Undergrad: 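My structure is below; once you've seen it, I'll send some questions.
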Number of protein chains: 2
Amino acid sequence: MNVTIVDIARKAGVSPSTVSRVLSGHPKISAATARKVKEIMEAMDYHPNVMAKSLVSKVTRTIGIVLPRPAEELFLNLFFSEVIRGVVTQATRSGYDLMLTTGSTEREEVDAVNRLVRGRRVDGLILLYSREGDPVIKLLKENNFPFVLIGRSEEHSDILTVDNNNVQAAYDVTRHFIAQGHTRIGFVSGPPDLTVSKDRLAGYRNALAEAGIAARPDWIVEGDFLQESGYRAMSFIMNVPDRPSAIVVMDDVVALGVLGGVTELGFKVPQDLALAGFNNIPMSELTSPPISSVDIGIYQLGYTASQTLLRAVKGEPVHQQRMLIPHRFIARESSIFKPPS
Amino acid sequence: MNVTIVDIARKAGVSPSTVSRVLSGHPKISAATARKVKEIMEAMDYHPNVMAKSLVSKVTRTIGIVLPRPAEELFLNLFFSEVIRGVVTQATRSGYDLMLTTGSTEREEVDAVNRLVRGRRVDGLILLYSREGDPVIKLLKENNFPFVLIGRSEEHSDILTVDNNNVQAAYDVTRHFIAQGHTRIGFVSGPPDLTVSKDRLAGYRNALAEAGIAARPDWIVEGDFLQESGYRAMSFIMNVPDRPSAIVVMDDVVALGVLGGVTELGFKVPQDLALAGFNNIPMSELTSPPISSVDIGIYQLGYTASQTLLRAVKGEPVHQQRMLIPHRFIARESSIFKPPS
DNA sequence: ATTTCCAATGCAAACGATTGAATGATGTCA
DNA sequence: TGACATCATTCAATCGTTTGCATTGGAAAT
């Protein structure tokens with residue numbers, strides 16, 4: 001059916017092994033033979049069978065990326081697409097292909113990962129986000145399989161990670177409010193089992209504590225990564241008797257919902273409620289008022305993760321086991337109170 | 001190293017072929033043997049080697065998705081992530097894995113596709129977007145390789161496609177403006193070599209022609225799919241001596257740029273310029289004013305494309321060769337002129 | 001007690017590459 | 001001229017499955 005290495009060999013009057021060696025640039029193949037074989041490969045439009053190749057070589061030149069379940073919601077959040085963009089760009093540049101998997105339950109997710117890992121389908125994996133007691137990490141460690149976690153793991157200290165200093169980032173944002181005289185500062189968190197949620201919450205608490213401000217549990221609301229949850233958070237938090245004057249939101253998409261919710265309730269941002277988010281999605285600049293946000297270098301996270309993974313896969317030395325991508329707070333109107341002039 | 005079918009066979013005291021048959025649910029394997037083998041597979045944590053499997057079966061249970069180049073920009077636009085979400089969901093549900101590829105030049109893209117197709121890496125491909133004279137389509141047809149195009153092809157009438165009726169959709173939007181008394185209607189287009197750009201432009205022209213309004217070339221600006229281009233379009237179009245009073249924008253992300261640009265120039269939407277976009281991204285609802293948009297069912301496009309592709313791959317009958325996903329115009333404030341009350 | 005038949009399993013040849021060891025054809029040197 | 005190193009190439013085994021065809025052993029039929 002398809003043209004194989006044997007066809008090329010026959011046509012060129014050499015053995016399959018020679019063709020294979022030409023293909024892999026083996027040193028002791030004469031220039032003449034190499035040229036002839038290459039010509040014939042070109043003429044016959046030969047493409048090596050990847051499956052056969054990786055069956056024997058045990059290398060797939062493919063990395064996998066495990067999407068957080070439920071896959072259904074994830075792309076709604078720009079974070080994931082931006083990470084993937086970073087990964088796909090770096091991987092492609094390095095000649096690697098990318099596979100995507102998910103599962104809608106934990107069981108399915110583990111099965112999917114097993115298929116990839118044990119089935120020798122990929123050479124390495126990138127995990128987006130760590131949650132408490134993630135069975136996938138355990139699985140990969142047991143199998144001694146190369147992987148990089150985007151985020152931080154509380155349980156495993158000996159794995160490759162690429163992360164932001166989220167504690168510091170949230171601290172910075174909270175300080176920004178405190179510096180402007182705010183003392184009633186709320187927080188809209190992500191799912192509490194995610195490490196990133198914990199870290200940002202910790203940074204927020206640190207800043208408060210440092211300033212001698214007691215944290216108010218009713219000003220800390222739990223959300224997810226959808227706009228909707230920002231709405232909901234507001235209808236709750238703006239109705240507590242003594243409501244906050246500023247709020248730190250764990251994600252810009254959620255912050256958009258917060259902005260919408262607050263506005264709908266008849267409040268003004270930043271006069272009635274100052275607001276800042278994370279991730280600095282392109283949209284943050286275009287709302288009215290534009291939303292302050294921490295740029296965490298999402299693309300960089302993906303790019304670096306892929307780069308690190310490929311090093312690990314190839315057995316090259318990895319300089320740092322835990323890499324930190326720098327963040328940068330970008331103050332916009334939503335968090336800067338301008339007295340009416 | 002890894003446990004193989006031979007290990008299982010030895011342990012179970014049967015031949016590898018029997019194990020293989022148990023694995024594939026062959027009818028004439030005794031219940032007793034099947035049970036025993038399955039137990040041992042479980043106990044030894046056996047996972048079949050995917051490469052070996054697909055080397056002989058010539059089936060990979062994987063579909064590929066070719067991202068439009070340059071990959072760098074694409075994820076900025078929600079369209080792509082939403083399509084992929086649809087594809088990954090459907091594919092995963094059907095037990096298929098997903099591969100992503102790109103190339104940054106046409107040559108690279110063709111090479112990447114060749115690697116996947118000729119290297120027997122995937123069973124089918126999904127193409128996002130068609131452009132004039134796309135060499136990838138030609139390549140796939142020549143190889144008789146299953147694929148589905150999201151969009152419409154002008155050159156090839158015999159391929160599987162999933163698309164919207166973009167002519168009709170743009171017609172609807174333009175009519176919406178005309179019905180409100182607008183006669184000076186502009187258009188911000190996408191890259192002119194994309195079929196979707198042509199179709200929407202055609203719908204716009206049709207509506208104008210039907211209403212006896214002459215199209216004004218200087219009111220038709222070319223953009224891409226980035227916010228930036230909306231900005232640029234505005235600084236141009238709002239400075240022509242006789243500027244339009246309404247504008248149809250090919251993409252919501254671009255429309256966001258348009259909104260920003262127009263506002264920055266000191267104009268009001270919709271009073272000075274009425275505005276409507278396409279794709280109905282979540283953000284459109286949250287701008288001020290909210291942006292009218294055509295919901296084209298992006299997720300559905302991806303989901304249906306994947307579904308259709310898998311049918312084709314498995315040789316199942318495909319009811320329709322060209323599938324249309326319905327669209328729906330959602331009128332919001334940006335396109336509805338409210339006289340000051 | 002043979003022969004026949006069928007269900008259950010085993011044999012061995014693929015699939016398309018890679019790779020260590022063996023071979024053959026040169027050239028070099030005494 | 002013969003022995004020997006050297007370089008380029010071939011041989012054959014291997015990777016982990018699948019699958020058409022052969023084999024086996026016992027029940028049913030003669």
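Here the structure is a predicted model, which means the values were calculated and not measured. Labels below follow one simple rule: chain letters A, B, ... track the order of the sequence lines, proteins then strands, and each chain is numbered from 1.
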Undergrad: Using a heavy-atom cut-off of under 4.0 Å over every strand shown, decide if B/V14 touches base, sugar-phosphate, or nothing.
TA: sugar-phosphate
Undergrad: Tell me the interatomic distance from A/R120, atom CZ, to D/dC15, atom P, rounded to whole angstroms.
TA: 14 Å
Undergrad: Please report the distance, rounded to the nearest Å, between CE in B/M51 and P in C/dA14.
TA: 24 Å
Undergrad: Under 4.0 Å from OP1 or OP2 of C/dG16: is there any side-chain N or O of B/K58 that close?
TA: yes
Undergrad: Assess, by modelled atom type and distance only, whether the side chains of B/T62 and A/R121 contain a donor and an acceptor separated by less than 3.5 Å.
TA: yes
Undergrad: Measure CE/B/M41 against P/D/dG16 and give the value in whole Å, please.
TA: 17 Å
Undergrad: Classify A/G119 by what it touches in the nucleic acid, base, sugar-phosphate, or nothing, heavy-atom distance under 4.0 Å.
TA: nothing
Undergrad: Which nucleotide in the set D/dT17, C/dT9, D/dT10 lies at the smallest distance from any side-chain heavy atom of B/P48?
TA: D/dT17
Undergrad: With nearest nucleotide decided by heavy atoms, which residue, A/P27 or B/K53, maps closer to the 5′ end of DNA chain D?
TA: A/P27
Undergrad: Evaluate the criterion side chain to side chain donor-acceptor pair (under 3.5 Å) for residue pair A/S157 and A/R322; output intermediate values, then yes/no.
TA: CA-CA 9 Å; A/S157 54; A/R322 306 176 55 171; over 6 Å; no
Undergrad: Could you tell me how far apart A/L23 (CG) and C/dT19 (P) are, to the nearest whole angstrom?
TA: 11 Å
Undergrad: Rounded to the nearest 0.5 Å, how far does OG1 of A/T308 lie from CD1 of A/I126?
TA: 8.5 Å
Undergrad: Please determine whether a side-chain nitrogen or oxygen atom of A/Y46 lies at a distance below 4.0 Å from atom OP1 or OP2 of C/dA17.
TA: yes
Undergrad: Grab the CG-C1' distance between A/N49 and D/dT17 for me, whole Å please.
TA: 14 Å
Undergrad: OP1 or OP2 of C/dA8 versus the side-chain N and O atoms of B/T33: is any pair under 4.0 Å?
TA: no
Undergrad: Tell me whether the count of non-hydrogen atoms from other residues, nucleotides or ligands lying under 6.0 Å of CD in B/E42 goes above 12.
TA: no
Undergrad: Are the aromatic rings of A/F79 and A/Y129 close, with centres under 6.0 Å apart?
TA: yes
Undergrad: If the cut-off is 4.0 Å, is A/S15 near the phosphate of D/dT10, judged by side-chain N/O to OP1 or OP2?
TA: yes
Undergrad: Nearest whole angstrom, please: distance from the P of D/dT18 to the CG of A/L55.
TA: 12 Å
Undergrad: Have a look at B/I298 and tell me which of B/N164, B/V83, B/I325, B/I84 forms a side chain to side chain contact (heavy atoms under 4.5 Å, CB included) with it.
TA: B/V83
Undergrad: Could you go through B/T33 and B/S30, starting from their C-alpha distance and side-chain angles, then the distance that decides it, and tell me whether this counts as side chain to side chain donor-acceptor pair (under 3.5 Å)?
TA: CA-CA 5 Å; B/T33 319; B/S30 74; 2.5 Å; yes
Undergrad: Nearest-Å distance, CZ (A/R35) to P (D/dT9)?
TA: 12 Å
Undergrad: Whole-Å distance between C/dT19 C1' and A/K28 NZ?
TA: 13 Å
Undergrad: Can you name the atoms? Protein N/O to nucleotides 19-25 of chain D N/O, anything below 3.5 Å, with the distance.
TA:
| residue | atom | partner | partner atom | Å |
| --- | --- | --- | --- | --- |
| D/dG20 | O6 | B/R21 | NH2 | 3.0 |

Undergrad: Please figure out whether B/H26 or B/A52 has its closest DNA chain C nucleotide nearer the 5' end.
TA: B/H26
